[in-house]
Amino acid sequence: MKWVYVEDLKDHVGEEVEIRGWVYNKRSSGRVRFLLVRDGTGIVQATAWSKEKDNPLFRTFDTLTQESSVIIRGKVKEERRAPGGYEIELKEIIPVQIAVDYPITPKEHGVGFLMAHRHLWLRSSRQHAIMRIRHEIIKAIRDFFDEEKKFTLVDAPILTPAACEGTTTLFETDYFGEKAYLSQSGQLYMEAAAMALGKVYCFGPTFRAEKSKTRRHLMEFWMVEPEVAYFRLEDDIRLAEELVEFMVKRVLERRRPELERLERDISKLEKVERPFPRISYDEAIELLKKDGFDIKWGDEIGGDEETALALKFEKPLILHRFPAAQKAFYMEPDPQRPELSLSFDMLAPEGYGEIIGGSERISDYDLLLKRIRENNLPEDAFQWYLDLRKYGSVPHAGFGLGVERTVAWITGVKHVRETIPFPRLLYKIYP
RNA sequence: UCCCCGGUAGCUCAAUCGGCAGAGCGGGUGGCUGUUAACCACUAGGUUGGGGGUUCGAGUCCCUCCCGGGGAGCCA
């Protein structure tokens, strides 16, 4: 008997096949039994008929419970009435293990309950669709940098000796008696790598001990951080635009059924084509004032303001040239206006918020040292970083893209906790 | 850390002015020859988050603690 996956059933019509999976649901109507089996690639309906009420197939069927593991055998046929369009005529049911009292029923559940059962929640068709789109986005990112742009993947360390950016938001751990921290960005290491290999990127988990409790925050999240030698801000923004367009097109091309399962408004994704609208920080402040926000030049653009700006456009919005005082110590000042940094953020449409933050980096040794001292950063820990400005320093730029926020936007999911298999949330690390 | 909302059956929720603690789903039993989160009948299932208080009487009012959700700040 040939073992096939549900997604391949269309190639086996008329054949006898074996499906190995789990019971998704079952129904019966007198002398007919319907068994819905999922195998990770899809769900198929299997049917059994009998004239007499008591027969071995029905007896086995009746022992099955939701999420019991099961192997079924039977003939594949096209069937309009079956979900998915194909159906198995049951010849044999082989229970593998009978599940007792599976907690997630096919009815509604609350978020707290589902999060506590995340290890089981992943079996639902909605979570299944999200995970497949997440995978597609990650694959698109890799293909974009590897195949389209010929970047080299350079893995950044996860255990680090000092803060890359802020100092208050790090997870601390013991490193043979020394303090070490979980990485909150691979960027500084990518700057070293860019000076070695030209165009590089890292892709990995990052950790932030921010006590943030919102739909856009995770304590552990995945980030892609390209860094390119000789790139200026303009080149950096263009790269970010190309990446985002590439990801969205790829998902539209390959994961339409999953988007439909999630009831995503696909027309909104189809509008994501370069060039994206751009507004400078100066212009943003003027726009917000006009909209009645109580804001002045120099203020941070907060969550509500960001949303208001992003909703003016149907494409991702690029905000650029933020005041240097608001931004990280390593950002290159604008030569025309030193109070500004050569920085940008990309805001996703539909209120999903910031998905990218990037900048041109300081390439001058003296200026970088000055900034490290102004920010009271440990100078010793940054010696290697300063070295990069001593030995063949060049202008360079890069950005970081948050994978979970991107997945949330593309899938249309409201909260990032559903966009990663096992989310780490404020005070919550189970399961 | 701060602000707001909530905690009642395994799950999702209801319970009027403070007056007998209920429904759907899930479980069990039976029925139904094409079901689509099937349907119908019957059935089991409760320390109303913990502690204290007010009252003839508290799921309901007060105090307190715990837990969960949403948001702010900060960020991707």
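Letters go in sequence order (proteins before strands), and every chain restarts at 1. Since the model is a prediction, treat every value here as computed from it, not as a measurement.
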Participant: Which whole number of Å gives the distance between the C1' atom of B/A44 and that of B/C56?
Facilitator: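 Each nucleotide's C1' atom is 35 Å from the other's.
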
Participant: Cut-off 3.5 Å, side chains only: do A/Y330 and A/Q187 have a donor facing an acceptor?
Facilitator: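 Present: a donor and an acceptor within the cut-off.
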
Participant: OP1, OP2 of B/G70 versus side-chain N and O of A/R417: anything below 4.0 Å?
Facilitator: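 Yes, A/R417 has a side-chain N/O under 4.0 Å of OP1/OP2 on B/G70.
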
Participant: May I ask you to check if A/R33 and A/F58 form a cation-pi contact, with NZ or CZ under 6.0 angstrom from the six-membered ring centre and within 45° of the axis?
Facilitator: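 Judged by the rule (NZ or CZ under 6.0 Å from the ring centre, within 45° of its axis), A/R33 counts as positioned above A/F58.
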
Participant: Taking the P atom in each of B/G49 and B/C11, what is the distance between them to the nearest angstrom?
Facilitator: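 Between the two P atoms, the distance is 13 Å.
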
Participant: Under 4.0 Å, counting only non-hydrogen atoms across every strand here, what does A/E220 touch: a base, just sugar-phosphate, or nothing?
Facilitator: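 Counting heavy atoms under 4.0 Å across all strands, no contact is made by A/E220.
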
Participant: With a 6.0 Å cut-off (strictly less than), is the heavy-atom count around CD of A/E263, excluding the residue itself, greater than 12?
Facilitator: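 Count not over threshold, so no.
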
Participant: Would you list the atom pairs, donor with acceptor, under 3.5 Å between side chains in residues 90-97 of chain A and any protein atom, with sequence neighbours excluded?
Facilitator:
residue	atom	partner	partner atom	Å
A/K91	NZ	A/E16	OE2	2.7
A/E92	OE1	A/R73	NH1	3.2

Participant: In dot-bracket form, 5' to 3', how is RNA chain B paired? Count Watson-Crick and G-U wobble pairs only if both distances fall under 3.5 Å, and write | where the partner sits on another strand.
Facilitator: (((((((..((((.....[..)))).(((((.......))))).....(((((..]....))))))))))))....

Participant: In terms of the nearest nucleotide of RNA chain B, which residue is placed more toward the 5' end: A/S28 or A/V111?
Facilitator: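 Residue closer to the 5' terminus by nearest nucleotide: A/S28.
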
Participant: Using atom names, set out every protein N or O paired with an N or O of nucleotides 26-28 of chain B below 3.5 Å, distance rounded to 0.1 Å.
Facilitator:
none

Participant: Go nucleotide by nucleotide along RNA chain B from the 5' end; which of A/E210 and A/L426 gets its closest nucleotide reached first?
Facilitator: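 By nearest-heavy-atom nucleotide position, the 5'-most residue is A/L426.
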
